[in-house]
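Quick notes on the structure that follows.
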Amino acid sequence: MMDISDLIKSISLFKPETTLIVTFMLAMILDMAFKKSKNIAGYIAIAGLVIAGIFLFQQTGVNYKAFANLLVIDSFGQFMKFIVLMSSLIIIVFSFFSNELHNAHTKLGEYYTLIIGMTFGMFLLVGSANLIMIYVAIETMSISSYVLAGYTREVKRASEASLKYVIFGAVSSGIMIYGISILFGLTGSLNLFEINQFLSVNNVATLPLLLSGLMILSGFGYKISAVPFHFWTPDVYEGAPVTITAYLSVASKAAGFAVLLRFFKTGLLDSVPGTSEAWQLLGNIDWHYVIAVLAVLTMTLGNLVAVWQTNMKRLLAYSSIAHAGYLLMAVSVMNDNGVSAVLIYFVFYMLMNLGAFFVVQLIANKLDSENIDEYNGLGYRSPVLAVCMTVFLISLAGLPPTSGFIGKLYVFSSVINSGYIWLAIIGVLNSVVSLYYYAKIIRNMYLRDVESAKTKLVFSPVTIAIVLMLAIPSLLFGVYFTPIVEWANYSMNIFVGN
Amino acid sequence: MTQDVVLPLSILTLLIPLLSFLINIFFGKKLGKISGVIGTSILGIDLGLAIIVAFTKLTSYAGIQVIQNRIEWFDLGSLQVNIGIGIDNIAAIMLIVVTLISFLVHLFSTVYMGDDRQYSKFFAYLGLFTFSMLGIVIANNFLIMYIFWELVGISSYLLIGFWYEKDSASNAGKKAFITNRIGDLGFFIGIMILFFTYGSFMFEDVFAGISSGVMPFDNPTMLTIAGICIFMGAIGKSAQFPLHVWLPDAMEGPTPVSALIHAATMVAAGVYLVAKVFAMFTADALTFIAVIGTITAFISATIALTQVDFKKVLAYSTVSQLGFMIMSLGVGGYTNGFFHLVTHAWFKAALFLAAGSVIHAMHQAMHHMHDHHTDPQDINNMGGLRKTMPWTYRTFLFVTLALSGIPLTSGFLSKDGILAGTLAYANLTGGWHWIIPVLGFTAAGMTAFYMFRLTIVAFHGEPKTEIAKHTKENKLPIVLPLVVLAFMSLWIFYSPNPIDASKGWFHKMIVQPKSAVPDAYQWSFLINNKTEEAAPAVHQAEGATHTAEITAENPHEVTKAGHTTGHYLNKFQEETHHFHYIAMILSLLIAGSGILLAFLIYQYKTISADKLEARFKFLHTFSYNKWYFDELYQATAINGLLVISKALSWFDNYVVDGLVNLSSYVTRGFGYIVGLFDNYVIDGAVNLVANFTGYCGNKMRKLQTGHIQSYVVFVLLGILILLYFFI
């Protein structure tokens with residue numbers, strides 16, 4: 001039960017989330033108050049995120065089970081929350097320059113408000129240690145994202161995407177809560193710590209535990225778009241505004257991976273043998289292989305289908321599915337090194353993926369198209385943008401000297417160190433396939449239609465500066481990445497009590 | 001100034017030339033002629049910084065071996081890579097050498113390259129080159145050194161092939177680049193052997209590992225091989241036999257480039273490398289180095305005797321002098337080898353810039369007379385330039401004296417030291433090692449001969465062509481660097497005593513580092529005397545035992561070695577000192593007779609050059625054709641490679657490409673099937689589901705997209721399959 005001192009401490013540790021709630025309300029009210037100012041909610045959102053970031057930073061080193069074990073505050077959660085927060089911040093900045101959003105609406109107040117709402121949901125999800133809490137958090141972020149995906153409602157494909165998203169999300173939630181109820185029936189608790197204790201003392205039947213686990217996994221899998229829970233991804237990514245597509249591909253995935261890792265380590269870890277090497281999991285189920293199979297399916301399908309795409313958003317959607325596959329590889333090794341690899345990968349993935357989407361957005365602003373052929377000759381029409389895009393794509397393909405290479409290096413080395421050589425080989429083969437479609441874009445930019453005297457594309461210096469701010473770290477972290485690695489190693493221990 | 005400031009300042013010194021590169025490469029076209037001024041003034045600032053760094057190190061902290069830092073670059077758990085920069089005494093001196101010559105070359109080029117349409121690009125490349133070269137100088141680990149080593153390679157490629165419209169220039173650039181790669185391959189293998197064994201790229205870690213007795217692959221021979229591999233990098237960069245062929249061709253580059261790169265800095269990098277890692281060479285590796293240096297010094301001196309191209313003579317002379325430096329390091333004459341590097345840098349840069357001055361004047365005269373066929377670099381078209389270009393002549397003559405090793409010049413001090421060292425070495429080791437001093441002295445004599453041949457033919461006598469008659473002395477930016485460099489070649493900069501440098505500041509600052517190699521694998525005479533270090537008596541006894549083992553052939557040496565006093569650093573230094581006057585007299589005699597011969601043949605024509613040539617027809621042709629090295633390489637290495645590459649390309653075309661195509665077909669096919677799966681099976685399932693639910697009525701069907709339901713079916717199906725799979 002909750003005593004008053006726990007409550008006070010919990011509330012004080014809940015400051016980042018509280019800030020987001022306040023920001024949410026302030027943005028809504030002020031947006032209505034200042035009818036003429038178009039982006040006021042956006043500025044408030046940025047301010048709110050910065051303040052939340054400061055509060056988040058103050059939690060460095062804290063390990064605490066808040067609100068009677070409902071939420072966990074730990075350095076792992078802090079890391080993931082920073083990823084979410086940074087993505088939100090970057091997406092809001094991107095949105096200032098989005099033509100499709102500004103064409104569809106005269107005011108974007110509720111758009112920014114919803115992003116804050118979604119950030120709040122993701123913060124909750126990252127810290128949740130209770131199945132109902134997890135469910136509620138997923139719903140909080142999902143409902144915001146449904147609306148955001150269909151935000152340009154005059155555009156037909158956006159509305160369609162939003163509707164599909166809602167239905168698919170509803171089904172996934174349904175399956176997930178069904179799984180939660182089975183697990184509750186088995187263990188008599190919704191709290192991950194209590195479930196862990198129950199499982200370590202009692203023997204439970206394998207089938208219901210596996211079934212419930214898989215059903216809960218479908219809820220997480222839907223957030224990280226792992227095969228076979230990915231079907232919504234291409235349609236929604238293509239239909240939604242680019243900014244939201246980019247947001248879903250990074251922040252949403254980060255929150256999904258955070259809860260996936262926490263679910264396994266908090267709920268199923270057998271704390272008896274110690275946590276030094278591979279985690280011993282409770283119940284006679286080989287979760288390593290379940291996740292490994294999902295990883296193989298996810299990256300293989302993502303990469304192979306991406307080869308055939310001609311729409312940039314759809315291509316990046318499949319590419320993001322493939323990246324979820326690489327990350328799942330690191331999850332499947334089920335040890336702290338794997339967690340560290342996931343964290344490292346996310347930092348770099350955020351930079352390069354958001355960067356690539358921003359370039360797509362800028363091109364779409366000018367040419368009103370996301371077709372891959374529109375990129376022909378871009379290297380001559382807008383050299384700086386094309387160079388940056390090349391950096392992002394090379395980084396996504398995982399070639400040195402970019403940060404994407406370092407991310408992959410850590411993922412693969414965690415897999416190989418755990419002895420899953422076959423998994424690493426499949427991963428490398430997949431990277432090779434991915435090079436094909438990334439390089440195709442680079443080829444279009446530099447080798448296609450070079451002679452045709454297309455006009456130069458001129459972008460405002462601010463947007464170029466933003467692209468550079470993402471491209472330069474993508475390169476720099478490929479050469480000097482020790483700080484990120486150290487931060488990830490510091491944050492890789494998920495707090496499991498004691 | 002405190003010690004902490006040295007490193008930040010040296011990083012600044014490193015980065016400033018890069019700034020010049022960036023400005024000139026990006027804004028060069030807009031800047032036009034100003035780019036030269038910018039480049040020169042940036043280098044001027046850089047020179048100032050380098051002087052501050054060097055003086056701080058050499059005055060306040062001369063006693064500290066090296067001021068350095070160590071930064072962890074990355075850590076992969078088992079693999080930890082540290083990098084850093086360090087300033088020791090030789091680095092401090094090199095900083096000044098590189099920046100001062102680079103500055104003077106910049107200044108010189110503002111006039112020399114004045115009419116070139118790629119004016120700003122030239123200064124950009126000079127900046128890039130200076131940056132790369134400084135990187136080599138301040139590296140304190142193999143990794144950074146290798147990175148900048150390659151950067152030097154690329155920037156010299158750009159500069160040699162600067163006039164890329166000329167086939168010969170672009171070919172020379174390629175030749176230099178490829179020949180250097182061969183050496184760099186060895187360098188790389190050497191670095192990898194050391195990294196694999198000692199787990200670090202840092203010089204100090206490697207040396208510490210070696211002196212703790214750890215050997216690569218537990219085999220002392222491998223340490224020798226690692227040393228030779230590292231030295232291969234120097235063979236390439238410092239144009240040592242058998243990779244010396246690129247340097248003469250590199251004269252296709254603009255002449256200021258030859259002065260900067262092929263006289264003073266880039267080619268010195270190899271010598272610098274050997275000096276920097278001197279502590280890791282075993283006795284066998286040092287012997288190898290000495291032999292390579294000697295062969296180089298001798299062969300290229302013989303080639304220089306007969307060349308008619310002004311710059312080619314200087315080029316072969318450079319190769320020969322680099323051979324001297326390498327030879328000196330190989331025999332253990334660490335200080336004199338590096339000393340010769342520094343003195344040679346000044347006077348050879350001066351010689352090249354003087355050559356540039358002459359060629360520029362010849363060009364101007366040709367332009368004036370509308371003559372575009374005469375070769376402005378052929379010394380047989382010159383003559384009499386003494387009168388038309390007095391300042392060029394005076395400086396040229398003075399630095400020629402320096403190169404020939406005549407007293408009152410710096411070249412005399414360093415060359416004399418080297419030759420004394422070779423005598424000491426031969427005396428201490430005996431046997432066939434006596435060939436080294438013999439060839440060394442011969443090469444020194446030839447040096448004096450070919451340099452005076454060049455001077456007499458080009459500057460003395462009557463003008464041989466109309467063009468030579470119409471040459472004029474150049475403007476100040478060309479003449480000033482010559483004077484400065486000639487001035488720097490005076491003895492007084494290194495030692496107050498014009499015939500002995502060993503008491504000068506240079507020899508006090510540059511002391512042979514203590515060898516890291518265990519005593520059993522090192523020459524006993526290079527092991528520093530223990531008495532100085534106040535080592536325990538046990539150690540001394542050990543050292544004496546090893547000495548006894550190695551020099552057992554010369555019993556009287558043992559007693560001497562055992563009794564050396566603390567006056568000299570080691571036995572070698574003492575012996576060198578003993579041979580000092582013998583070497584001096586010998587070298588003066590030989591150089592003097594070389595000069596005399598040159599005057600007799602070319603000035604007074606007492607001996608007919610033509611008759612001599614006819615008499616030694618074979619030798620002359622052999623020398624004139626550079627010992628047929630290019631032809632030899634063409635016949636063996638290049639043609640051999642072409643055959644192999646043809647075979648490989650066949651293999652590539654038919655076997656590898658076949659496999660690649662096959663795998664790409666398979667991948668594409670698979671992707672296509674997955675695509676079909678998406679298109680037909682999913683869409684098909686959509687239709688199926690739609691038909692199935694279609695019974696519910698048309699209106700509902702219109703509201704549906706159809707897809708989403710199939711998606712849901714697949715999710716459920718997926719869970720069921722997974723459940724079935726893992727149960």
Side-chain angles (χ1 to χ4, degrees), chain A residues 160-161 163-168 170-172 174-175 179 206-207 210-211 213-215 217-218 221-222 226-235 285-287 289-290 293-294 297 300-301 303-309 337 406 409-410 413 417 429 432-433 436-437 479-482 485-486 489, chain B residues 26 71-83 143-144 147 660 663-683 685-686 689 693 700 702-727:
Chain A
E160 188 188 318
L163 188 61
K164 280 179 186 169
Y165 198 15
V166 172
I167 295 171
F168 199 93
V171 172
S172 292
I175 297 170
T206 310
L207 180 62
L210 178 64
L211 182 64
L214 284 176
M215 288 170 110
L217 214 56
S218 88
Y222 147 73
V227 176
F229 316 111
H230 73 287
F231 288 104
W232 62 278
T233 315
D235 291 357
I285 301 160
D286 206 341
W287 288 110
Y289 276 99
V290 177
V293 165
L294 287 184
L297 288 176
T300 311
L301 183 131
N303 280 322
L304 290 181
V305 180
V307 169
W308 294 94
Q309 301 308 316
N337 277 336
I406 305 300
L409 182 70
Y410 275 92
S413 72
N417 284 339
L429 288 178
V432 175
V433 176
Y436 174 77
Y437 57 85
V479 185
Y480 187 66
F481 45 88
T482 313
V485 173
E486 275 171 2
N489 284 339
Chain B
F26 286 117
I71 302 160
E72 185 188 294
W73 189 10
F74 56 84
D75 182 2
L76 292 177
S78 53
L79 183 76
Q80 203 186 39
V81 175
N82 290 306
I83 53 172
L143 190 61
I144 294 293
I147 291 171
V660 169
S663 68
S664 78
Y665 280 129
V666 171
T667 316
R668 279 166 58 105
F670 194 36
Y672 185 66
I673 290 166
V674 175
L676 284 182
F677 181 80
D678 248 22
N679 284 341
Y680 291 97
V681 180
I682 296 184
D683 284 6
V686 167
V689 173
T693 49
M700 258 181 91
K702 276 177 191 166
L703 281 175
Q704 292 163 352
T705 60
H707 291 68
I708 187 65
Q709 290 180 325
S710 74
Y711 298 168
V712 170
V713 169
F714 271 96
V715 172
L716 293 173
L717 215 62
I719 296 178
L720 281 176
I721 291 170
L722 283 172
L723 187 68
Y724 182 75
F725 198 67
F726 287 103
I727 195 81

Interface moiety of A:V433 toward chain B, non-hydrogen atoms closer than 4.5 Å: side chain
Atom group of A:L297 that falls short of 4.5 Å from chain B, counting heavy atoms: neither
Quick check for you: among B:V674, B:I719, B:L720, which has the greatest number of heavy-atom pairs under 4.5 Å with chain A? B:I719
Given heavy-atom pairs under 4.5 angstrom as the criterion, report whether the side chain, backbone, both or neither of B:I673 touches chain A. neither
Top of A:T206, A:V227, A:V479 for chain B proximity - count of heavy-atom pairs under 4.5 angstrom: A:V479
A:Y480, OH: over 12 other non-hydrogen atoms inside 6.0 angstrom: yes
Grab the two heavy atoms, one from A:L214 and one from A:W287, that are nearest each other, plus how far apart they are. N-CH2, 4.1 Å
On the 0 to 90° scale, with breaks at 30° and 60°, tag the A:W232-A:Y165 ring pair as parallel, tilted or perpendicular. parallel
Going by heavy atoms in the side chains, are A:L294 and A:L217 under 4.5 Å from each other? yes
If the condition is side-chain contact (heavy atoms from CB on, under 4.5 Å), which residues does A:L207 pass it with, not counting sequence neighbours? B:L723, B:I727
Chain A contact via B:Y672 - side chain, backbone, both or neither, heavy atoms under 4.5 Å: both
Side chain, backbone, both or neither: which part of A:Y222 has an atom under 4.5 Å from a heavy atom of chain B? neither
Measuring from A:T482:OG1 to B:I71:CD1, what's the distance to the nearest 0.5 Å? 10.5 Å
